[in-house]
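What follows is a single structure, written as structure tokens, with notes after it.
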Amino acid sequence: MATKPSLSVERLSRHFPVTTRRWFKTTTAVVKAVDGISFTVGEGETLALVGESGCGKTTTARLILALDRPTSGVIMLGDTNVHDVTGDDYRRYREQVQAVFQDPWSSLNPRMRVREIVSEPLVVNRKRSRREIGERVAEVLAAVGLNPSHADRFPHEFSGGQRQRIALASALSSDPKLIILDEPVSSLDVSIRAQTMNLFRDLQQQFNVSYLLIVHDLAVARYMSDEVAVMYLGKIVEQARTEALFHDPLHPYTKALFAAALPGHPDVQREEIILEGEVPSPIDPPAGCPFHPRCPLKIGEICETVVPQFRPEREGHWVACHLYPEETSAPGAAEA
Amino acid sequence: MLRYLTKRVGQTIFTLFAVTLIVFSLGRLTGDPATVLMPVEARQEDRARIMQHWGLDQPLHIQYVRYIGNVLRGEFGESLQWPGRDALELVLLRIGNTLELGLAALLFAVAVAVPIGVFSAVYKNSFIDHAGKFIALLGQSLPHFWIGIVFIWIFAVNLRWLPTSGRGTWAHLIMPAVVIGWFQVAALMRLIRSAMLEALDSEYIKLARLKGVRERVVIWKHALRNAAIVPLTYFGIMIAYLVVGSITTEVVFSWPGVGLLVVNAVTARDFPVVQAVTIVFAFVIVLANLIVDVLYGVLDPRIRFE
Amino acid sequence: MPDASVSAVDGAPTGAAAWWRRVRELPLLPIAIILVVLVIPAIFAESLAPHNPYSGNLRARLQPPAFLGGPSEFWLGTDHQGRDMLSRIIFGSRIAIAVAGAGILIGGFIGTALGLMAGYFRGVTETVVTRLVDVTLSIPAILVALVVAAAIGARFSAVVAIVALVLWAVYARQVRAESLKWAQSDFVARARVAGASHFRIIVRHILPNIANTLIVLSTLQVGFVIVFEGSLSFLGVGIPRPNPAWGLMVADGRIHVVSAWWIAFFPGLAIMLTVLSFNMLGDWLRDRLDPKLTQV
Amino acid sequence: MPTTAAVQPHSRDRDPPAEVILDVKDLRTYLFTKRALVKAVDGVSFYLRRGETLGIVGESGSGKSITALSLLRMEPKPAGRIVAGEVWFQGEDLLRKSPAEMRRIRGRRISMILQDPQTSLNPVFTIGNQLTEAFTTARQGISRARLPQVVVEVLRKVNIADPERRVSTYPHQLSGGMKQRVVGAIAISCSPDIVIADEPTTSLDLTIQAQYLRLIRQLQETSGVGIIFITHDFGIVAKMCDRVAVMYAGKIVEHGPVRAIFNHPSHPYTQALIHSVPKLEERTERLYSIPGQPPAPGEALVGCRFAKRCEFADDRCRQEYPPVFAGRSGHQEHTADCWRLEDPTWRPSLR
């Protein structure tokens, strides 16, 4: 929020209908995988979406990548609404938003040479000559620390860390504004993670690209991102600049996540907050605050009935929790 | 489970309709179904009667509705080869013999394939595994009709151990059942082997061993119980193959079953009998598939408690 | 997954030695049998066959093979019409190749196309294709062949059509399962993010990854088609007489099994050797190219 | 370990002295694959005291899981074979036991929790069934009539709500966290002396992981079981373990009490790993990035396994495997295999 936004998401929702038949009675329920979230990714910055499995972070990524259509809400990249564009505008969008996925073993086509993999975003959008494409491939391969001779090899000749570099080279080739990093290091060996994360950070500066980082590891989020949004059951419950959030988490769920995270040293003493139970099913989410059944700091009935509003508790530090009531005015009750 | 069952029953009905549709359209391929459904020397009044029975003067969709009606009532018309005999009656008269042969073949296949499949998975790359692979390869490469004749030449003509053909004592059953069953041994054995290998490689088998469970129990209880579900899906296709096998094999051994009946009927251009056989066979196969699916649902708790 | 950072290409020796090593790894016996029994006779039938396969000498009926004391001009003996068995078997290879080739090409093409679409687009396409596959596979094709033969008689084109009818379902089922798997892979998601069209994704991303499956499947299907065509011809609902189809020859020999076993034996042996070789070749290919392909 | 060892860990005990219940000496498990001989576990020695938690940390392919399986003679067949070593447990060498004797030890005296709860329960048997089997196989002398009650009790011990109802459910009806609790219940069912936990929380969500780790702690406090924790995560070690052994390419390269290792990591690999993991508690300006890749399985290894990626390596490191030296913390149990430790004043400082 400090710099001008590169991507902005407003009240984005993705609901999946679920039909269950029992004894010829059909009931239709709705899974609110993503439920009215809003955020922006600043230019050249990294926003981390943090949460446990099933919180909606991956669905959000798919919506932004236009692999799926939202139920409602808008995703704006610059002035274009992602899900409205067609033809040349659509192609331009495809050039400007790229992705690196979690599993380096399945994210590269085993039947394609590295050259074809890296140049694919350029080839399909047919705007450059073959020579330009060749130069660009050499350029991005060099940027990720691979040498030009690697371009003629197949993915199986590379290790996991190298494959993640190839995926990043491919993402960078069309000079995008935004790259979605979906758990980019979680399937890599521990000794490879640091070099990969450092590379991602270095290239962000070099190419002036924004990252949307989907991640479950809080320490990775702290190291990689400028801003962090914490998701729970399809909603963002807290969002702030990284250092502000890690210094003083406000939402009880964020606090519990921090408490649950593994320490960096045996002498680290933390408040013991262990949430009971598991994340409720998104088919039938709890009324009121979605976190109230597990919340150790529940303040009363209001948590069970009223959906807390997502609002700034401090400058740039937003939270959705009844512990932080609005001091004044702001009529119009909580919105879903 | 209920949802699973209704779905399967629905699919069964759909398949049966598809079969009738195929037979119906094939009967009208030549343009004039009357010539297919009647002997060449048919008299004018017979002609009229048949036209009326199948509604041949009506538009096609009406014909099909009438056709379905006739099929549902089991009226396939009169045999052309044996005038005066109802086609379905001829089929039902002989279906017992075919089922007898099919069952014997099935038992043979299961009795041979399950132990070989299990042992070749447990003792992978051992002698028994290689022997099993060879049997499987051979079984899938030998044409039934030919191996039947070779068997007759060896065991009946030269060695005189078994009767050449026909039905009667259990000795008559041996050769045709083995001939039909052999092909199934091959397929079933490979399936059980790969399902067992997969099961034996799983984490839950590792856990069972970590619990200190005996190897015998690990194999025959934990692994086979899981592995048995996989080949079960193949049983439906297997029954279809048994039918195919029974047709050629019945011809080779002059086994008085439906297969022999239908081949003779084809030679005699006895279309009513051919279509009765086809639909009865399709019914048997589809029903067997349904039973297998139900069994599958019962054996696999992941489906039972869907 | 293993960390395969070492290049497979770097270490491999090149030149004649490597070429020879690769040849030696091939399953030479099945390939040789296929060449000797099927391919060479089919190409050079006119020059290889010592006699006319269609007309025989009735005075030379049921002659035993030359090596069993028959006339030296009939290496494998003669049938009930005095036709030379060897010549008929040689010409029969053409029928086997024609039926297998045409059936696999037609059925394979249709099945692959539908399977790819079903696996990639999902939704209604998938439901329709899988339903049709299930129906096709649950009706034994031999029954369809019987009905067709009863309606219009035995014909070459009908045999090819029926083979294609079975095979499309086999291909569609396997291809759908495979393309479903690949369509969900991250590299397809990346291609879509890059802006690749559906056509490009199917042709450039999915098809190359199932090519091995198609090769293995097709090899294994050759054996099936030859046995299947043989069964139809044996029953008199496949290739019409007097064509020298192997299955027909076995059928001719059935009634003479007591007096002239060679009439049924040699054509059946030709079928067995061909099919066995293709199955061995298919198994070999499966181990090399596609170990995960289960029972076909 | 090589004979030039500077420290004899087995001869000394910490205060108060606790009984060593498992003593592994020079264990070697090789994988004889078609393509290569993989020395997955290449001369590993460690010990476990009653009631303590030992962490074995390493990356994938370091040999940590095969080490754990080898203790129970469950090395992956047919490629894997234990070629040398001793595993002393209650005065007996497990590597000399017959298969039948081993079976009586597995599950009863030493049990194991596997990594993936999704696949480690048999899908066609109920939870109750699989737990009952654990009791009956171990022949605990529990009467048939009392079995259901015992099963419910052990489920209650692992904090499964409504255990009476849960016994008749199948694995697929439970969440991942619940399944892992059931696996845990099977592991503790016969009150073993040692539980080996092979990355039991890697597939669990953060808050579920916290619940599970707390459960393990509680069970250990009440039963006094010794735990060997196999993990790739130093965070787990920091949270759960008393001592830690760091594995790299089939060898234990450093060993010692947790605080000694965290405060004075002595092997460059340990040092690099600790500095390459981002911290939650403080802002990290830049992580240390370890160059290169871990050795591929089957790669011929001479000298120190880490030499290729090590900033401090010299020619001797590349040619000769170092002996065991005392670690920099000065703690008597702290050891590391690194030539640099020859100079007791040496202080590794990573660039």
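To find a chain, count down the sequence lines: A is the first, B the second, and so on, and within it residues start at 1.
Contact record, D:Arg259 with A:Pro266: NH2-O, 3.6 Å, taken as the closest heavy-atom pair. The two residues D:Gly177 and A:Glu278 come nearest to each other via the heavy atoms CA-OE2, 4.2 Å. Across D:Leu280 and A:Arg222, no two heavy atoms sit closer than the pair O-NH1, 2.5 Å. Taking both residues in full, the closest heavy atoms of D:Lys239 and A:Ala259 are given as NZ-O, 4.4 Å, listed atom of the first, atom of the second, then distance.
Within the 3.5 Å criterion, the main-chain N or O of A:Leu275 finds a donor-acceptor partner in the side chain of D:Gln211. Within the 3.5 Å criterion, the main-chain N or O of A:Ala260 finds no donor-acceptor partner in the side chain of D:Gln209. Without hydrogens or angle criteria, D:Asp205 side chain to A:Ser53 main chain gives a donor-acceptor distance under 3.5 Å. Under the 3.5 Å distance criterion, the side-chain polar atoms of A:Asp189 are matched with a main-chain donor or acceptor of D:Ser60. Formation of a donor-acceptor pair under 3.5 Å by the A:Tyr223 side chain with backbone atoms of D:Leu287 is found in this model. A distance-only check finds a donor-acceptor pair linking the side chain of D:Glu281 to the backbone of A:Gly264 [under 3.5 Å].
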ask   = Is there a side chain to side chain donor-acceptor pair (under 3.5 Å) between D:Ser289 and A:Arg193 once you walk through the steps?
value = CA-CA 8 Å; D:Ser289 110; A:Arg193 283 183 193 174; over 6 Å; no
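Side-chain contact check for A:His265 versus D:Lys279: every heavy-atom pair is 4.5 Å or farther apart. The closest side-chain heavy-atom distance from A:His216 to D:Leu206 is not below 4.5 Å.
Once rounded to the nearest 0.5 Å, the distance linking OG1 of D:Thr207 with CD1 of A:Ile274 reads 10.0 Å. Interatomic distance, CG of A:Leu262 versus CZ of D:Phe234, reported as 13.0 Å (0.5 Å rounding).
The 12-atom threshold is not exceeded at NZ of D:Lys308, counting heavy atoms of other residues, nucleotides or ligands nearer than 6.0 Å. Within 6.0 Å of atom NZ in D:Lys157, 12 or fewer heavy atoms from other residues, nucleotides or ligands are found, so the atom counts as exposed in its surroundings. Crowding of A:Gln206 atom CD: a count of heavy atoms from other residues, nucleotides or ligands under 6.0 Å exceeding 12.
Of the two parts of D:Leu213, only the side chain, counted from C-beta on, holds a non-hydrogen atom closer than 4.5 Å to a non-hydrogen atom of chain A. Neither the backbone nor the side chain of D:Asn159 comes within less than 4.5 Å of any heavy atom of chain A. Interface residue D:Met178: backbone and side-chain heavy atoms are both found under 4.5 Å from chain A. Contacts between A:Met197 and chain D at a heavy-atom distance below 4.5 Å involve the side chain alone, from C-beta outward. Of the two parts of A:Glu276, the backbone and the side chain both hold a non-hydrogen atom closer than 4.5 Å to a non-hydrogen atom of chain D. In this structure, the portions of A:Val220 lying under 4.5 Å from any heavy atom of chain D include both its backbone and its side chain. With a 4.5 Å cut-off on non-hydrogen atoms, D:Ile208 touches chain A through its backbone and its side chain both.
When only modelled atom types and interatomic distance are considered, A:Ser191 and D:Arg309 share a side-chain donor-acceptor pair under 3.5 Å.
With chain D as the partner, the residue from A:Ile273, A:Val190, A:Asp217, A:Thr196 showing the most heavy-atom pairs under 4.5 Å is A:Val190. Your options are A:Gln195, A:Arg270, A:Arg294, A:Glu52, and the one with the most heavy-atom pairs under 4.5 Å with chain D is A:Glu52.
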